Amino acid sequence: MQIETINLAEKFSRFSEQWQPKIVGELNDAYVKLAKLQGEFVWHHHDEEDELFMVIKGRLLIKLRDRDLWIGEGELAIIPRGVEHCPVAVEEAHVLMLEPKSTRNTGNVENERTVEAEWI
């Protein structure tokens with residue numbers, strides 16, 4: 001096992017596609033993922049997994065059924081399991097996510113945006 005630093009700017013420079021998470025590390029039973037987001041995603045929830053969203057660049061809106069939650073650069077929010085949410089990025093946002101390895105990007109929804117995260 002090799003221990004090394006992860007340069008987030010360099011990792012983000014390796015891809016341009018949006019809404020397709022990339023795995024950059026593992027922590028216990030979780031993946032550290034990066035994604036570029038723009039536009040509106042899909043309303044969904046995760047039955048068994050909490051999700052952490054940390055905005056590295058830009059702003060991210062997490063729509064909840066009862067309110068809107070804005071996450072700015074350098075901020076993070078944790079969405080508990082079972083909470084229906086819809087991520088939205090008016091302009092492209094670079095986001096780090098920490099979530100269990102079993103987490104599917106679209107949660108309880110299966111559609112054309114459902115993808116398997118790949119390592120970069």
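Quick caveat: nothing in here was measured; it's all calculated off a predicted structure. Residue indices begin at 1 and follow the sequence shown.
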What is the distance from atom [atom1] of [X] to atom [atom2] of [Y], rounded to the nearest 0.5 Å?
| X | Y | atom1 | atom2 | value |
| --- | --- | --- | --- | --- |
| Ile78 | Leu52 | CD1 | CG | 5.0 Å |
| Leu69 | Glu75 | CG | CD | 9.0 Å |
| Asp29 | Leu27 | CG | CG | 9.0 Å |
| Trp19 | Lys36 | CH2 | NZ | 14.0 Å |
| Leu37 | Leu61 | CG | CG | 11.5 Å |
| Leu98 | Phe53 | CG | CZ | 11.0 Å |

#### Entry: Chi angles and distances behind the side chain to side chain donor-acceptor pair (under 3.5 Å) call for His46, Glu99
CA-CA 11 Å; His46 303 274; Glu99 51 195 23; 5.6 Å; no

Between Asn7 and Ala9, is there a donor-acceptor pair closer than 3.5 Å when you use the side chain of the first and the backbone of the second?
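Pair found, side chain donor or acceptor close to backbone of Ala9.
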
> Quick one: does Trp70's side chain have a donor or acceptor within less than 3.5 Å of a partner on Leu60's backbone?
Replying inline: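 No; judged by distance alone, with no hydrogens or angles, the pair does not exist.
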
Should the pair [X]-[Y] be classified as a salt bridge under the 4.0 Å nitrogen-to-oxygen rule?
| X | Y | answer |
| --- | --- | --- |
| Glu73 | Lys57 | no |
| Arg59 | Glu91 | no |
| Arg81 | Glu48 | no |
| Lys22 | Glu17 | yes |
| Asp68 | Lys63 | no |

Practice prompt. Take Glu92 and Gln18 through the side chain to side chain donor-acceptor pair (under 3.5 Å) test and state the conclusion after the steps.
Written response: CA-CA 8 Å; Glu92 186 174 80; Gln18 297 172 338; 2.8 Å; yes

Check: Does the side chain of Ile71 come within less than 4.5 Å of Ile62's, by heavy atoms?
Finding: yes

For Val88 and Glu40, the nearest pair of non-hydrogen atoms, with its separation, is CG2-CG, 3.6 Å

I need the minimum non-hydrogen distance between Val115 and Pro21, along with the two atoms involved.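 Taking Val115 first and Pro21 second, the nearest heavy atoms are CG2-CD, 3.9 Å.
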
Decide whether [X] and [Y] are clustered together by the hydrophobic rule: side chain heavy atoms of Ile, Leu, Val, Met, Phe, Trp, Tyr closer than 4.5 Å, transitively.
| X | Y | result |
| --- | --- | --- |
| Val32 | Ile56 | yes |
| Phe15 | Val55 | no |
| Leu96 | Phe12 | yes |

| query | Any idea how His44 and Phe41 line up, ring-wise: parallel (<30°), tilted (30 to 60°), or perpendicular (>60°)? | reply | perpendicular

key: Residues His85, His45; criterion side chain to side chain donor-acceptor pair (under 3.5 Å); working and verdict   = CA-CA 6 Å; His85 59 286; His45 70 272; over 6 Å; no

Residue set satisfying side-chain contact (heavy atoms from CB on, under 4.5 Å) with Ile23, at least two apart, ordered chain then number -> Tyr31, Lys33, Ala117, Trp119

From the list Arg14, Lys11, Glu10, side-chain contact (heavy atoms from CB on, under 4.5 Å) with Val24 holds only for Lys11

Trace of the side chain to side chain donor-acceptor pair (under 3.5 Å) decision for Thr103 with Glu51
CA-CA 8 Å; Thr103 304; Glu51 287 183 289; over 6 Å; no

Checking side chain to side chain contact (heavy atoms under 4.5 Å, CB included) for the pair Leu34/Leu8: CA distance, chi angles, key distance, verdict? CA-CA 8 Å; Leu34 302 180; Leu8 297 180; 4.0 Å; yes

